[in-house]
Amino acid sequence: MPELAKNESERPERYNPAQIEPKWQALWDADAALYAAEGHDSAKKKFYCLEMLPYPSGKLHMGHVRNYSIGDALARFMWMRGYNVLHPMGWDAFGLPAENAALKNNTPPKEWTLANIAAMREQMRRMGFSYDWATEVTTCLPEYYRWNQWFFLKMYERGLAFRKKSKVNWCPECQTVLANEQVIDGRCWRHEDTIVEQRDLTQWFFRITEYADELLQCLDTMDGWPEKVRTMQRNWIGRSEGTLVDFKVSESASPQVSESGEQQKITVFTTRVDTIFGATSVQLAPEHAVARALAACDLELAAEIEEMIEEQKAAREAGDVGAIEKHGVDTGRFAVNPYSGEQVPIWIANYILADYGTGAIMSVPAHDERDFEFAQKYSIPVKRVIVPANAADELPELPYTAEEGAVLAESGQWTGKSCVEAQREMAAFAKANGFGAATVTYRLKDWGVSRQRYWGTPIPMVYCENGHAAMHGSPAVEAGGVVPLPVTLLPVVLPEQIEITQQGGSPLGRVAEFVNTTCPACGGPARRETDTMDTFVDSSWYFYRYADAKDAAAPFATDKVNYWFPIDQYIGGVEHAILHLIYSRFWTKVMRDLGMIANSEPAARLFTQGMVIKDGAKMSKSKGNVVSPDDMIARYGADATRMYALFAAPPDRDLDWQEDGVAGISRFLGRVHRLATKYSEAASQQVSAPASQRSATEEKLLRALHQTIAKVTEDFSGRWHFNTSIAAVMILVNEIAGAEAAMDAGEVSPAAMGEIFRGLTLLLAPFAPFLAQELWAELGGEGAVFRAAWPEADAELARENEIEIPVQANGKLVVVVKLPAGSDEAAVKAAAMADAKVQARIEGKTVVKTIVVQGKLVNLVVK
RNA sequence: GCCCGGAUGGUGAAAUCGGCAGACACAGCGGACUUAAAAUCCGCAGACCUUAACCGGUCGUGGGGGUUCAAGUCCCCCUCCGGGCACCA
């Protein structure tokens, strides 16, 4: 084979990513300054480009590759545009998988996690992602999580972290509590087959509801976020304006329902207080206090209530709350409508939720669909009190739920008023008379952060066994011996030597050295909190840490964060639209109120990329359709893999992974490599030729180049449709390849050659950084290609000198005529009419109208 | 039920403002090169009708209506797919 080898070496070297990519990776790795941001005193404009940090599962998947290829292209582009770019990466490193792996492999969670991080960091380097590893953040290390504890204490001081006993979501698979946001259709977000149970537990919460209104209001002005995400967050917050109205439990029918003898009242929440004269019953949730009070002296009723509670529980666990059949029971008692003085029956119904509003409603069958249905079923009276504003209109069928264009009827002093006006006045009336008020309710609940797991941030609280509760300088001390640790005792370090078992309960509770401590207030014996924090705490503020990752004295320095924030572009999957993205908005507002930062929102712009699917389904192990990035790199190289991820679909849409497509990109890169290598000698000469002597080929190629520059530049600043940017670069390469004979014949000067190939290389740099770097060096470029200046589109060079004008007859294409660019309307019209095909088409007919759209087309209306 | 997306060739897609539908690719077919294959290069390619072939014609962006000289794009109605919220009072 020596002969063959000789032949091979004489041929121009073929595109070989396996050789090019590791070479540049090593050179880039050796230069720590390459991807580093300048300090906050930089004269350049800053650009904070952020991709969502991954959970270190051990392997990158294609979703990651897509996410980071988008961010990396943007970061490199911004560098080339002269910005001071911060492009960091980190690890969302706490969480249950590490404990499961520990069980399975008998490896300590920390060891397992850190090994995964090392492997994934290596994969990212191999992909050529431009992260500044000097600012890397790993959430499971005490250098990071101590600040979770610090924030927890700050929030505790402000009453934003608190403990309460409540119904919580319990995943039997995770053996821990879940936040509401982590329960999807009654199932665990990590175990879609596992039904989440309800348990009564005392847990720590963050008072996110305190910020509900601000979280909602800011959404209106967050133009840089997708409307979809904003809508999802609005729905999740679920703000509802309405009125609270007290109905007194009627004395005549129920002399005494309260043991204290005090008269009971039922407070209902309604968004339609204007319909209250039509209320014909009051409906209570089975768990409502009054329902329980009534049941206390009525065994039959008590049994029915119990049944309803079970039914609601079962439905919630089945994730199918809407499906239970509505039914209720008449208690035989009455309540008094404070507006009309009417007595209405009190019912208990299975569809009333105890945890929304007040757990009680007024039922207005005439003007609410659900109430109407219920009233039909039990023959409860229906009373119309809302009619169309236009009295001439026929009375609409019931239930009539309109609010706009409707007025009140048979509603005392409010009769004839518009619904909207009546709502306002009636709420004010309730307040003035002490039986109610306008109010706002939210769907959003406080964020439960306690987890009965080991691998998370320890909560920095102790329970004093003396019940002691005073603490140095801290006013925030609860009764019952809950004592916050002083910040000087942070971090509370997670013990590393621990046996992971499948037993329930918090694993930390079994580590005596951890649990047993002394009360920082009285010095007496105390027990540590053994729950850990939800991992969403870690990811709620990690991107602030990047700005000052090594700070040992504070979570970060305010001036650094104020320079970098808000994040200019945040990129990640839409699956975090609610969870992470609402928690981190909350956290930002808390930090602002703590005086730590100036911004109220973390990210000016958010981009949610689509999923990567294969054969019509999301890639997953169970479907067996997972494509490994490592395989793709081995076969086609990192450049082809990441470029395909950008080419196959616009980034916001789902992407169907087709390996043939990656091969196609690889072929394209090979073509670029062949052409650039072939002409690199001529192109790297530093000569210039006068423009007046340009050959037709030069003009054509320069025109193509500058049109492509304009197109790609525009895509970066606008829609981010990199699929069309890459298509444009392909067209440019096709033009160059088509001019190969002319170039070989010497029709393109070295100066033009240099401009064309250097331009092409710079255009490729954000998408295929390795090849671009290789060619940049080959073409005589200095240093890192993505630190070279992005080319400017020259409009003069880009301009076409000939335009093609389609000529239509009645909107149908007849012919395309060619004209010199800039031809006026008359010339275009004349050229169109002079065409033989056009003549043939209009022969014997009358042209009734001629439409000429300058530079676009001609349409002849003929009859 | 309510609120967002989406539906374009065999496939991924393009058409940013109402102005040539299908750019750019993939797969396919044909050719060149090769002993052969791979690789590479060149060409063809929405469907249907017509033709020996050219030429030519009709239809065509989920379905139906409309506005317009002109509609994938705007308006009305409907179907299907994906996502979010949901006995939320």
Side-chain angles (χ1 to χ4, degrees), chain A residues 14 184-185 226-240 242-243 268-272 275 283 285 312 315 320-326 349-353 355-364 368-371 373-374 441-443 574-575 577-578 610-611 613 644 647-650 652-665 667-668 670-671 674 714-715 718-719 721 723-731 733-734 737-738 740 804-816 847-862:
Chain A
R14 291 185 50 183
I184 296 150
D185 290 337
E227 192 51 50
K228 182 190 166 87
V229 172
R230 293 198 273 166
T231 304
M232 282 166 71
Q233 293 209 355
R234 282 192 195 103
N235 286 342
W236 187 261
I237 294 166
R239 184 180 199 272
S240 182
T243 311
V268 306
F269 172 71
T270 176
T271 56
R272 290 296 303 274
T275 66
Q283 307 270 342
Q312 286 190 338
D320 206 9
V321 184
I324 33 173
E325 176 156 356
K326 290 180 201 38
N350 68 338
Y351 67 94
I352 306 298
L353 305 173
D355 58 359
Y356 182 77
T358 58
I361 64 157
M362 62 177 198
S363 181
V364 185
D368 181 279
E369 281 177 32
R370 197 191 37 205
D371 292 347
E373 195 190 316
F374 194 84
T441 60
Y442 299 91
R443 213 189 80 93
V574 74
E575 66 272 19
I578 291 173
M611 284 189 306
I613 57 177
Y644 175 75
F647 178 67
D652 51 342
R653 255 206 256 179
D654 285 352
L655 183 156
D656 189 60
W657 194 270
Q658 295 182 3
E659 191 169 330
D660 286 334
V662 191
I665 296 289
R667 276 199 292 276
F668 165 74
R671 204 149 62 239
R674 183 182 71 78
E714 196 185 306
D715 276 339
R719 294 193 310 167
H721 278 201
N723 52 333
T724 62
S725 314
I726 293 168
V729 176
M730 286 173 170
I731 293 169
V733 171
N734 290 346
E740 213 174 335
E804 296 187 339
I805 301 293
V807 182
Q808 300 176 329
N810 294 338
K812 295 213 166 136
L813 183 69
V814 177
V815 74
V816 178
V847 179
V848 288
K849 199 172 174 186
T850 307
I851 289 142
V852 179
V853 184
Q854 195 62 33
K856 282 272 167 90
L857 60 33
V858 177
N859 191 13
L860 307 171
V861 186
V862 293

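Please read these numbers as outputs of a predicted model, since none were measured by experiment. Letters go in sequence order (proteins before strands), and every chain restarts at 1.
- Side chain of A:L353, nearest nucleotide from B:rC87, B:rG19, B:rG12: B:rC87.
- B:rG72 sits 14 Å from B:rG9 when the C1' atoms are compared, rounded to a whole Å.
- Of all nucleotides present, only B:rG43 satisfies the Watson-Crick or G-U wobble test against B:rC29, with each distance under 3.5 Å.
- B:rC85: glycosidic angle beyond 90° from 0, hence anti.
- Which of B:rU16, B:rG19, B:rA89 sits closest to the side chain of A:D715 comes down to B:rU16.
- Between the P atoms of B:rA45 and B:rG62, the separation comes to 24 Å (whole Å).
- Set against B:rC87, B:rA25, B:rC85, the side chain of A:F647 has B:rA25 as its closest nucleotide.
- The A:K228 side chain lies nearest to B:rG83 when the options are B:rA25, B:rG83, B:rA89.
- In A:E227, the CD atom is crowded: over 12 heavy atoms of neighbouring residues, nucleotides or ligands sit closer than 6.0 Å.
- Looking at which nucleotide of RNA chain B each of A:M362 and A:Y644 is closest to, the 5′-most match is held by A:Y644.
- Atom CG of A:D660 and atom P of B:rA27 are 5 Å apart (whole Å).
- The listed nucleotides are B:rG84, B:rC69, B:rA14; the one nearest the side chain of A:H721 is B:rA14.
- With B:rG84, B:rC24, B:rA14 as the candidates, the nucleotide lying closest to the side chain of A:A727 is B:rC24.
- Nucleotide B:rA15 forms a pair with no other nucleotide shown, judged by Watson-Crick or G-U wobble geometry with both contacts under 3.5 Å.
- Nearest to the side chain of A:K849, among B:rC24, B:rA14, B:rC69, sits B:rC69.
- Distance from the side chain of A:R14 is smallest to B:rA39 among B:rC88, B:rC85, B:rA39.
- The side chain of A:M232 sits closest to B:rG84 out of B:rA14, B:rG84, B:rC69.
- Among the nucleotides B:rA89, B:rG19, B:rC85, the one closest to the side chain of A:N235 is B:rC85.
- Atom-to-atom, CD of A:Q658 to P of B:rG12 comes out at 7 Å; the value is rounded to the nearest Å.
- Remark on RNA chain B: of its neighbouring residues A:N350 and A:E804, the 5'-side contact belongs to A:E804, judged by nearest-heavy-atom nucleotide.
- Taking the C1' atoms as reference points, B:rG22 lies 14 Å from B:rG10, given to the whole Å.
- Salt-bridge annotation for A:K856 and A:E804: absent, with no side-chain N of the basic residue lying under 4.0 Å from a carboxylate O of the acidic one.
- Within the 4.0 angstrom heavy-atom criterion, no nucleotide atom of any strand lies near A:L860.
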